[in-house]
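To start, the structure under review is shown below, and the notes come after it.
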Amino acid sequence: QVRLVESGGGLVSPGGSLRLSCVASGSIFSIVRRNAMGWYRQAPGKERELVAAITSGGSTNYADSVKGRFTISRDNAKNTVYLQMNRLKPEDTAVYYCNAVISNLDYWGQGIQVTVSS
């Protein structure tokens with residue numbers, strides 16, 4: 001069983017920053033280090049979309065809309081994945097979900113709200 005818990009969301013003004021954290025726990029050892037992890041988001045009325053991902057080898061990829069503004073990283077010792085979000089825009093407003101792909105199965109966190117508004 002795998003559990004992903006997000007934190008760090010909230011309300012921020014345009015141009016501001018937030019850092020999301022996702023702590024992974026469960027019966028699978030070293031979830032973050034050994035598996036692909038990612039952040040997705042879903043805005044009202046829209047489909048869930050990939051924001052950023054990091055492989056077990058450390059390779060990263062980003063949605064075009066966040067390149068240069070968001071950074072995904074991980075701390076293997078803490079079994080935690082982060083999403084640093086800078087220069088936030090109103091269109092970044094969404095529920096953000098942490099994702100882990102383990103043995104070709106998708107695991108999701110409960111989601112956390114990020115609202116960018118003045």
- Message: Once salt bridge (Lys or Arg N to Asp or Glu O under 4.0 Å) is applied, do any residues pair with Arg69, and if so which ones, sequence neighbours excluded?
- Response: Asp92

- Message: Let's go through Val66 and Arg41 carefully: what are the C-alpha distance in whole Å and the side-chain angles of both, what is the deciding distance for side-chain contact (heavy atoms from CB on, under 4.5 Å) to 0.1 Å, and is it a yes or a no?
- Response: CA-CA 12 Å; Val66 306; Arg41 66 186 181 188; 4.0 Å; yes

- Measure the NZ-CG distance between Lys67 and Asn61 for me, rounded to the nearest 0.5 Å. 8.0 Å

- Note on the structure: Nearest heavy-atom approach of Tyr62 to Ala52 is CD2-CB, 3.5 Å

- Do Thr71 and Tyr82 have side-chain heavy atoms sitting under 4.5 Å apart? no

- Query: Side chains of Val12 and Met85: does their closest heavy-atom pair fall under 4.5 Å?
  - Reply: no

- Message: With rounding to the nearest 0.5 angstrom, report the CD1 to OG distance, Ile102 to Ser56.
- Response: 11.5 Å

- Task: State the OG1-CD1 distance between Thr60 and Ile72, to the nearest 0.5 angstrom.
- Result: 8.0 Å

- Query: If you group Ile, Leu, Val, Met, Phe, Trp and Tyr whenever their side-chain heavy atoms sit less than 4.5 Å apart, what else falls in with Val95?
  - Reply: Tyr40, Leu50, Tyr97, Trp108

- Item | Distance (rounded to the nearest 0.5 Å) between Gln1 CD and Ser25 OG | 8.5 Å

- Message: Could you see if Val101 belongs to whatever hydrophobic cluster contains Leu83? Use Ile, Leu, Val, Met, Phe, Trp, Tyr and a side-chain cutoff under 4.5 Å.
- Response: no

- Query: Of all heavy-atom pairs between Leu4 and Ala24, which one has the smallest distance, and what is that distance?
  - Reply: CD2-CB, 3.6 Å

- Are any non-hydrogen side-chain atoms of Leu88 and Phe70 less than 4.5 angstrom apart? yes

- Query: From Arg74 CZ over to Ser21 OG, what is the distance, rounded to the nearest 0.5 angstrom?
  - Reply: 15.5 Å

- Decide side-chain contact (heavy atoms from CB on, under 4.5 Å) for Ser117 and Leu11; before the verdict, give the C-alpha distance in whole Å, the side-chain angles of both, and the deciding distance to 0.1 Å. CA-CA 7 Å; Ser117 175; Leu11 174 64; 4.2 Å; yes

- Whether over 12 other heavy atoms sit under 6.0 Å from Glu91 CD: yes

- Same apolar cluster: Met37 and Val23, side chain cutoff 4.5 Å: no

- Is the closest side-chain heavy-atom distance between Thr93 and Gln113 below 4.5 Å? yes

- Item | Residue pair Val2 / Leu105, side-chain heavy-atom distance below 4.5 Å | no

- Which pairs, with at least one residue in residues 4-19 and sequence neighbours excluded, count as a side-chain hydrogen bond (donor to acceptor under 3.5 Å, both in side chains)? Glu6-Gln110, Ser17-Asn86

